[in-house]
Amino acid sequence: MSLTGRAPAPDAEYMMRDTSSHPPAHAPGYKTSVLRSPKLALISLQQSLSEVTAPQFRAEELGPLDHDLIMNYAKDGLPIGERVIVHGFVQDQLGRPVKNALVEVWQANASGRYRHKKDGYIGALDPNFGGCGRMLTDENGYYRYRTIKPGPYPWRNRVNDWRPAHIHYAISGSGWVQRLITQMYFEGDPLIATCPILRSIPDEEQIRGLVALQDTSAFVQLDSRAYRFDIVLRGQRATLFENAVNGGGAR
Amino acid sequence: MNAPQIKRETASQTAGPYVHIGLAPQAAGFDIFENNFGPVLVNDQTKGERIRIEGRVFDGIGTVLKDVLIEIWQANAEGKYDHPGDLQAGKAIDPNFRGWGRGCTDFETGVYHFETIKPGSVAGRNGRFMAPHINVWIVARGINLGLNTRIYFSDEAEANKKDAVLNLIEWEARRATLVAQRETVNGQTVYRFDIRIQGDGETVFFDI
């Protein structure tokens, strides 16, 4: 008997969040968090329908190039930089695929510059690169997109802090409690060792989980290298006993 | 019989200052997607009372934050979520209302807004009562793990008194941080909901 073999009821509750898997709200090494972190304890909720449901997305809502960061903003040529494929699986904590999850990604270009009106970094914009994409996972929880490897860039924290190359992710699964926003890094980047944002995570294993490994099995010959990045969302418990998330039932 | 291997949830990281590129590219200053997710949840056919929600987000010394992204998730006018997990009997999905929206605080004014409908009451856990409410998720530069809260409605005072979640908050004074104030502005119903991330009047955030 294994928990993973039993399908959870559609209204089943999710496993409690292990806060030690995440950076604390107040992480002084990342200076901006100091005034943007609640001081009071979060109030723990037993989940109701409000927490176990979430918006569901349809393939028709996304355009045919939304997942192709190399082509989705190309105006008069190809974007500059290293061509890479990023792929992986979105699973829950019990190893079940999270199907039809919305995966949204955004990043700087090869120069470390974001296409954003508030980014004033001297690194050049690339007229053929937007820097965002989105896709849905398939029935196996698999996602894949291609892009240009982002460059590192300096930011205002300590005087010489540089962000390691990274791609931002926002993932929407089947329950509101699964909503997750994170960043993916690239194996071998020397800036990983000192990044105050990455180091706000209190656990080496969890930090390693954000570092995508080069995946030669997915290289495209004479075209692109590949990186593998798997994501784990909160797990939905298989069975509810006396506790019913949905309306009825005794207390 | 082996105990199942429980994986750890992937670590969260801040949305950063340029979250708009990925989640609201038009706010970042460019057009890339044909279909953009935004703060308008309704169309002409949506059932229910039209409302606008607006407010600002403040940091620990009262600064208005202008780089925040907020998402809301709510039931329809009958109190039904558009999701297969909502098994409440006798309530129908509204095909013209998904119940999800995404908004940004304005780079100049710091005001965010949503155009939506007032949700109906959703049955709570184990048959407990929940007053009409909207679920809120807040991310921004400096927020390491998305913040969850709820919007309740000032004209639902009786229902709010019976709400299972508001009653969980043992500091009664803090419950008011979750109640949006109803106003009428130019004939439109507006609920004002300010969010204080830290310090005096700190909004109640939930570990869900």
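In what follows, chains are A, B, ... by sequence order, proteins preceding strands, each numbered from 1. In this text, all values refer to a predicted model and were calculated from it rather than measured experimentally.
Within the 4.5 Å cutoff, no side-chain heavy atoms of A:Arg115 are placed close to those of B:Ile32. You'll find the side chain of B:Tyr81 reaches within 4.5 Å of the side chain of A:Ser50, heavy atoms only. Residues B:Ile21 and A:Gln107 form no side-chain contact, since every pair of their non-hydrogen atoms from C-beta on lies 4.5 Å or further apart. Here the side chains of A:Tyr30 and B:Arg141 are in contact, with some heavy-atom distance below 4.5 Å. Side-chain atoms of B:Tyr18 and A:His168, non-hydrogen and from C-beta on, never get closer than 4.5 Å to each other.
Other residues, nucleotides and ligands place more than 12 heavy atoms under 6.0 Å from the CG atom of B:Asn43.
Nearest heavy-atom pair, A:Val34 versus B:Gln198, reported as atom, atom and distance to 0.1 Å: O-NE2, 2.8 Å. Here the closest heavy-atom approach between residue B:Gly85 and residue A:Asp11 is recorded as O-CB, 3.2 Å. Of all the heavy atoms in A:Glu61 and B:Asn35, the pair that sits closest is O-ND2, 2.9 Å.
Ion pairing of A:Lys39 with B:Glu202 is absent here, as no side-chain N (NZ or NE/NH1/NH2) approaches a carboxylate O to less than 4.0 Å. Looking at B:Lys7 and A:Asp230, no side-chain N of the basic residue comes within less than 4.0 Å of a carboxylate O on the acidic one, giving no salt bridge.
Using modelled atom types, one side-chain atom of B:Ser12 and one backbone atom of A:Ile181 make a donor-acceptor pair closer than 3.5 Å.
For B:Phe205, the parts sitting under 4.5 Å from any heavy atom of chain A are the backbone and the side chain alike. Heavy atoms closer than 4.5 Å to chain A are found nowhere in B:Ile134, neither backbone nor side chain. With a threshold of 4.5 angstrom between heavy atoms, B:Glu71 approaches chain A through its backbone and through its side chain. The contact between B:Val19 and chain A is made by backbone and side chain atoms together, counting heavy-atom distances below 4.5 Å. Within the 4.5 angstrom heavy-atom criterion, no atom of B:Arg196 approaches chain A. B:Leu69 does not touch chain A: none of its heavy atoms, backbone or side chain, sits under 4.5 Å away. In this structure, the portion of A:Val52 lying under 4.5 Å from any heavy atom of chain B is its backbone and not its side chain. Residue contact with chain A, scored on non-hydrogen atoms closer than 4.5 Å, is absent for B:Ala89. Using a 4.5 Å cut-off between heavy atoms, A:Leu40 touches chain B through backbone and side chain atoms alike. If you measure heavy-atom distances from B:Arg98 to chain A, the contacts under 4.5 Å come from the side chain alone. Both the backbone and the side chain of A:Thr53 come within less than 4.5 Å of a heavy atom in chain B.
Between A:His116 and B:Phe107, the ring-plane angle classifies as perpendicular under the 30° and 60° cut-offs.
A:Leu45 pairs with exactly one of B:Asn148, B:Asp207, B:Leu168 by the side chain to side chain contact (heavy atoms under 4.5 Å, CB included) rule, that one being B:Leu168.
A donor-acceptor pair shorter than 3.5 Å cannot be found between the side chains of B:Glu9 and A:Tyr14.
Atoms NZ and NE2, from A:Lys118 and B:His20 in turn, are 9.5 Å apart once rounded to the nearest 0.5 Å.
Here A:Pro55 is the residue among A:Ser33, A:Pro55, A:Ser48 with the most heavy-atom pairs under 4.5 Å with chain B.
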